[in-house]
Protein chains: 2
Amino acid sequence: MLDAAYAILVGVGLAGFSIEAVATRSGVARTTIYRWWPSKGSLAIESFLEGFRPQLTYADSGSSADDFRTLLQSLARALGGPAGQVAASVVAQAQSDDETRRAFRDAFSEPLRRSTAALLRAGVDSGELRSDLDVPRVIDAAVGALYFRLLTGQSLDRAWAAHLADTLLRGCLAPSVRR
Amino acid sequence: MLDAAYAILVGVGLAGFSIEAVATRSGVARTTIYRWWPSKGSLAIESFLEGFRPQLTYADSGSSADDFRTLLQSLARALGGPAGQVAASVVAQAQSDDETRRAFRDAFSEPLRRSTAALLRAGVDSGELRSDLDVPRVIDAAVGALYFRLLTGQSLDRAWAAHLADTLLRGCLAPSVRR
DNA sequence: GGAATTCGATACACACTGTAGCGTAATGGC
DNA sequence: GCCATTACGCTACAGTGTGTATCGAATTCC
C-alpha cells in the first residue's frame, strides 16, 4: 500500500491522491487502508519516509564547510528526484492537518535540523566558522531555500546546491579563513 | 465572496475551505461562485492578493543592506499575521493545481523576486555589496527561509527577520565594508 | 420601458469519505 | 490438530463536496 501511495504521489501528484485511488492501485480493499492509517496525511508521510530516508550523505571530511556543501547537495539531489514530489505533497497536506505537520517535523524536519546544527557547531568549535555564527538562521536559510525551490516547482540539483552552500558559507567562515 | 474566502482561510484554514463553505458564508449561491472562478485555487489566490498587496515596504535609504533588512522585516510582519495563513494555503493548493502555481508565481513570487534582485543589484553597483554576489541564491535563501517558517507553522516576526537579514548580509557585503 | 446580464434556486450525476456489519482465510499458541 | 485471534475482502450506507444544466426573477443599462 505504501508503494502504491508513493507511486501515485510521484505520478499523478496530490490531485489524484485519494484513499480510493491507493486502494484500487494496490489491489486492496478501502476498509483495509482505514484500518492501518487514520488519515490521508499519515499515509502520505509514511510512504515518503519509506522512500526517502537512506538518501542523505553526512560526510565527515574534517571541514565543516565541505560537509555542509555535501549535505546540501545530497538533499538537493534527493528532493530534486521523485521523492521531492512526495515531500511537496506531504508539506501541502500538512497545511490542512496538524497531525501530519507534527509528524513531518518530528520524523524528518527536526532530525535534519539537528544534524545540520551539529555539523555547523563543530565548525564553530574548530575555528573554521565564525564564533558568533547564528546557526539557526543559517539552517532556516539553507533548508528554506530547498523548500522554496521544491514547492515552487523549480529545478533542484547538485550544482545549484553547491552555489547555495558557497553563498551562505561566505557569511559563515571565520575572518582568518575568508576569501 | 473574496472576503468570505479570506475569512475562512484565516479562521478554519485550508481544511474547511470549500466552494460550499464560501457560498454559505458569503450568503451567495454556489453556482454564482462557479460563474466567476474556475477553481478553488484561483479563488484562494485572488483573496490572498486582495488582502496582502499593500503591506510591503520598499525603502530607499541609500544603503542596500538596510533596505534589504527592512524588506525582509515587512515581509515577515505581513506573513506572520493572518495573511500568512492564506499564503500557506495558496502554496498548498498550488501543489495540486498547476494553474494556481503559475498564478501565484506570476502575481506574487516573481515580482517580489524581481524587486529584491533590483535592490541587491543596486548595492552591488554602489560598491556596498561584493561584486561577485550570487543574487539569485541570496534571494532563494531569504525568501526560502520565510517560506520554510511559514509552512512549518513557526513564528515569523521582525526580530527574526532582522537576524536573518544580518546573517545573510555577512556573506554579501563587500570586503571593504565587512565587520 | 424593453433588452441584456446577473443572480438565486433546484436538480442531477459523480467521486470520495468514514463507519458498520458480516463471512472467510490465515496465523499462532497449546 | 484444534481453536481463538487476527486480518482481510466485500457490501452497504449516510454524508459532504464537486461541477454542470436549467429556469425564473431581479437588476442594470440604454
Side-chain angles (χ1 to χ4, degrees), chain A residues 1-50 85-104, chain B residues 1-50 85-104:
Chain A
M1 308 185 205
L2 288 176
D3 291 346
Y6 193 89
I8 289 176
L9 285 175
V10 169
V12 200
L14 192 54
F17 181 70
S18 64
I19 304 284
E20 183 83 34
V22 175
T24 304
R25 177 160 193 139
S26 65
V28 126
R30 230 179 42 200
T31 46
T32 305
I33 298 183
Y34 282 110
R35 235 187 296 268
W36 288 84
W37 290 277
S39 71
K40 244 163 68 165
S42 60
L43 175 55
I45 199 176
E46 206 164 318
S47 79
F48 164 69
L49 290 174
E50 195 78 6
Q85 176 87 326
V86 182
S89 301
V90 171
V91 174
Q93 278 284 345
Q95 298 311 307
S96 57
D97 179 7
D98 282 343
E99 191 62 29
T100 301
R101 168 174 296 178
R102 210 185 45 72
F104 185 70
Chain B
M1 308 184 205
L2 288 175
D3 290 347
Y6 192 88
I8 290 176
L9 285 175
V10 169
V12 201
L14 192 55
F17 181 71
S18 64
I19 304 284
E20 182 84 36
V22 175
T24 303
R25 176 157 193 142
S26 64
V28 126
R30 232 179 46 217
T31 46
T32 305
I33 298 183
Y34 282 110
R35 233 187 299 270
W36 290 84
W37 290 277
S39 71
K40 245 163 67 164
S42 59
L43 175 54
I45 199 177
E46 207 164 319
S47 78
F48 164 69
L49 291 174
E50 197 79 6
Q85 176 86 328
V86 182
S89 302
V90 171
V91 175
Q93 279 284 345
Q95 298 312 309
S96 56
D97 178 7
D98 283 343
E99 191 61 31
T100 300
R101 167 174 296 177
R102 210 184 45 73
F104 185 70

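Note that these values count all heavy atoms, side chains included, but never hydrogens, waters or copies made by symmetry.
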Applying side-chain hydrogen bond (donor to acceptor under 3.5 Å, both in side chains), which residue pairs with at least one partner in residues 92-101 of chain A are found, sequence neighbours left out?
Q95(A)-R101(A), D97(A)-T100(A), E99(A)-R102(A)
All heavy atoms of F104(B) vs all of I45(B), minimum pair found to be N-CD1, 3.1 Å
Of all residues at least two apart in sequence or in a different chain, which pass the side chain to side chain donor-acceptor pair (under 3.5 Å) check with Q85(B)?
none
Would you give a per-nucleotide map of nucleotides 16-23 of chain D, 5' to 3', where B means the base has a protein non-hydrogen atom under 4.0 Å away, S means only the sugar-phosphate does, and - means neither?
-SBBBB--
Between CH2 of W36(A) and P of dT6(D) the distance, given in whole Å, is 12 Å
Rounded to 10°, the angle between the first-five-pair and last-five-pair axes of the helix from dG1(C)-dC30(D) to dC30(C)-dG1(D) is 30°
With sequence neighbours left out, which residue pairs that include part of residues 1-19 of chain A fulfil the salt bridge (charged side-chain N to carboxylate O under 4.0 Å, His left out) condition?
none
Does any pair with a residue in residues 10-24 of chain B pass salt bridge (charged side-chain N to carboxylate O under 4.0 Å, His left out), and if so which ones, sequence neighbours excluded?
E20(B)-R30(B)
Side chain to side chain contact (heavy atoms under 4.5 Å, CB included) evaluation trace for F17(A) with L43(A)
CA-CA 10 Å; F17(A) 181 70; L43(A) 175 55; 4.2 Å; yes
For chain A, the stretch of DNA chain C it reaches, first to last nucleotide, under 4.0 Å of its heavy atoms
dC16(C) to dA20(C)
Among pairs that include at least one residue of residues 6-15 of chain B, which meet salt bridge (charged side-chain N to carboxylate O under 4.0 Å, His left out), considering only residues two or more places apart or in two chains?
none
Residues passing the side-chain contact (heavy atoms from CB on, under 4.5 Å) test with T31(A), sequence neighbours excluded, are A29(A), R35(A)
Applying side-chain contact (heavy atoms from CB on, under 4.5 Å) to S47(B) and not counting sequence neighbours gives L2(B), A5(B), Y6(B), L9(B), V86(B)
side-chain contact (heavy atoms from CB on, under 4.5 Å) with A4(A): which residues, sequence neighbours excluded?
V22(A), R25(A), S26(A)
